[in-house]
Protein chains: 2
Amino acid sequence: MVADPLSRVFSALADPTRRDIVARLAVADATVNELAAPYDVTVQAVSKHLKVLEDAGLVSRSREAQRRPVHLEAEVFDLMTKWIERYRRQAEERYRRLDDVLRDMPDAVLPQEGTPS
Amino acid sequence: MVADPLSRVFSALADPTRRDIVARLAVADATVNELAAPYDVTVQAVSKHLKVLEDAGLVSRSREAQRRPVHLEAEVFDLMTKWIERYRRQAEERYRRLDDVLRDMPDAVLPQEGTPS
DNA sequence: TCCTCGTTCAACCTCGCGGTTGAAGAAGAC
DNA sequence: GTCTTCTTCAACCGCGAGGTTGAACGAGGA
């Protein structure tokens, strides 16, 4: 994947299995085998999912004997929340201004009660 | 797409062009032609992007003569932020508890200053 | 040393995504 | 009515994502 960081994070979390992995890693670190156990896919498939999460910066893998404990890196969430909040605020600001406009010219725009249509 | 709502929203925002469309719609509603103008892809491709955003619940399209003004629906953002905040809090809670553990047994775990390695 | 366990690499397959072109609908404008 | 504009539908293409199997690698344990 040669996409921008934001696309990588959104794309990584667009898969339900990967979101579930993130949810479980929020509770405790785990190895690939442990993570793969609940799903009916091969360990290799889960390893690929973890690579996607790692490329997105959502998890990190250390080394501990043969095991590679997977650890959740929650800081990257900020990237998304910042993006989301920015445009949500902007959209809400629009509504607020629209309300102002409607309040300033109620006769022209707002349907008046009792006005025959 | 027959995916769950959360996957649809994350997936919809995983594309930079679609994120840009959302950013522009946060400023003002726009028609398909207006939205397509800045990009060097066909109008049909942009129409497909809008369908993805619509299926995710991020935009709605009304009818106004031949035009179909596109409107941003910011409420769906909540789906994502709720999911993100939940696991971010959980992860931060883990760090907090880990700090407590380390504070309770500093000799066993924490590297002591001046301790020969 | 050899064996076993946990993990990843390599090759392959299928399917859906983002793009194209071309045609069809929908709703004014003439 | 016909024409024009805006938009979407249909068919197609290339490519990458998610899955598989099989083999290789890395690091203890016997």
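Numbers restart at 1 for each chain; the letters A, B, ... are given by sequence-line order, proteins then strands. All values below come from the heavy atoms of this structure, side chains included, with hydrogens, waters and symmetry mates left out.
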Checking B/R68 side chain against B/V32 main chain: does a donor-acceptor pair fall under 3.5 Å?
no
Please check if the side chain of A/R18 supplies one atom and the backbone of A/L53 the other of a donor-acceptor pair under 3.5 Å.
no
* Contact class for B/T31 vs. all strands (heavy atom < 4.0 Å): base, sugar-phosphate, or nothing? -> sugar-phosphate
- Measure from the side-chain N and O atoms of A/R94 to the backbone N and O of B/L25, and report whether any donor-acceptor pair falls under 3.5 Å. yes
task: Answer yes or no: does a side-chain N or O of A/S47 lie under 4.0 Å from OP1 or OP2 of C/dT7?
output: no
In whole angstroms, the gap separating P of C/dG6 from CG of A/L50 amounts to 16 Å
From CG of A/L53 across to P of D/dG18 the rounded distance in Å is 10 Å
Between CZ of A/R68 and P of D/dG26 the distance, given in whole Å, is 12 Å
Notebook entry, point to check: Any side-chain N or O of B/R61 less than 4.0 Å from the OP1 or OP2 oxygen of D/dT8?
Noted result: yes
B/N33 CG to D/dT8 C1', in whole Å, measures 12 Å
Atom CD of A/E34 and atom P of C/dC5 are separated, to the nearest Å, by 16 Å
dist B/E54:CD -> B/S47:OG (nearest 0.5 Å) comes out at 9.5 Å
### Message
So, does A/H49 get its side chain near the phosphate of D/dG19, meaning an N or O under 4.0 Å from OP1 or OP2?
### Response
yes
Scoring nucleotides 20-25 of chain C by protein non-hydrogen atoms under 4.0 Å (B base, S sugar-phosphate only, - none) yields BBB---
(message) Between B/S7 and A/D15 (side chain of the first, backbone of the second, donor and acceptor by atom type, cut-off under 3.5 Å), is there such a pair?
(response) no
To the nearest angstrom, the CD1-P distance between B/I21 and C/dG18 comes to 11 Å
Rounded to whole Å, CG of A/D15 lies from P of D/dG16 at a distance of 19 Å
With a 4.0 Å cut-off on N to O distance, would you call A/D29 and A/R67 a salt bridge?
no
- [ ] Could you tell me whether the side chain of A/R19 and the main chain of A/L13 form a donor-acceptor pair under 3.5 Å?
- [x] yes
What one should report as the nearest heavy-atom pair of B/A12 and B/L58 is CB-CD1, 4.1 Å
B/K51 atom NZ is separated from C/dC17 atom P, nearest whole Å, by 11 Å
Which atom pairs link the protein and nucleotides 26-28 of chain C when you take only N or O atoms and keep those under 3.5 Å?
none

B/Y87 meets the ring-ring contact (aromatic ring centres under 6.0 Å, His included) criterion, sequence neighbours left out, with B/W83
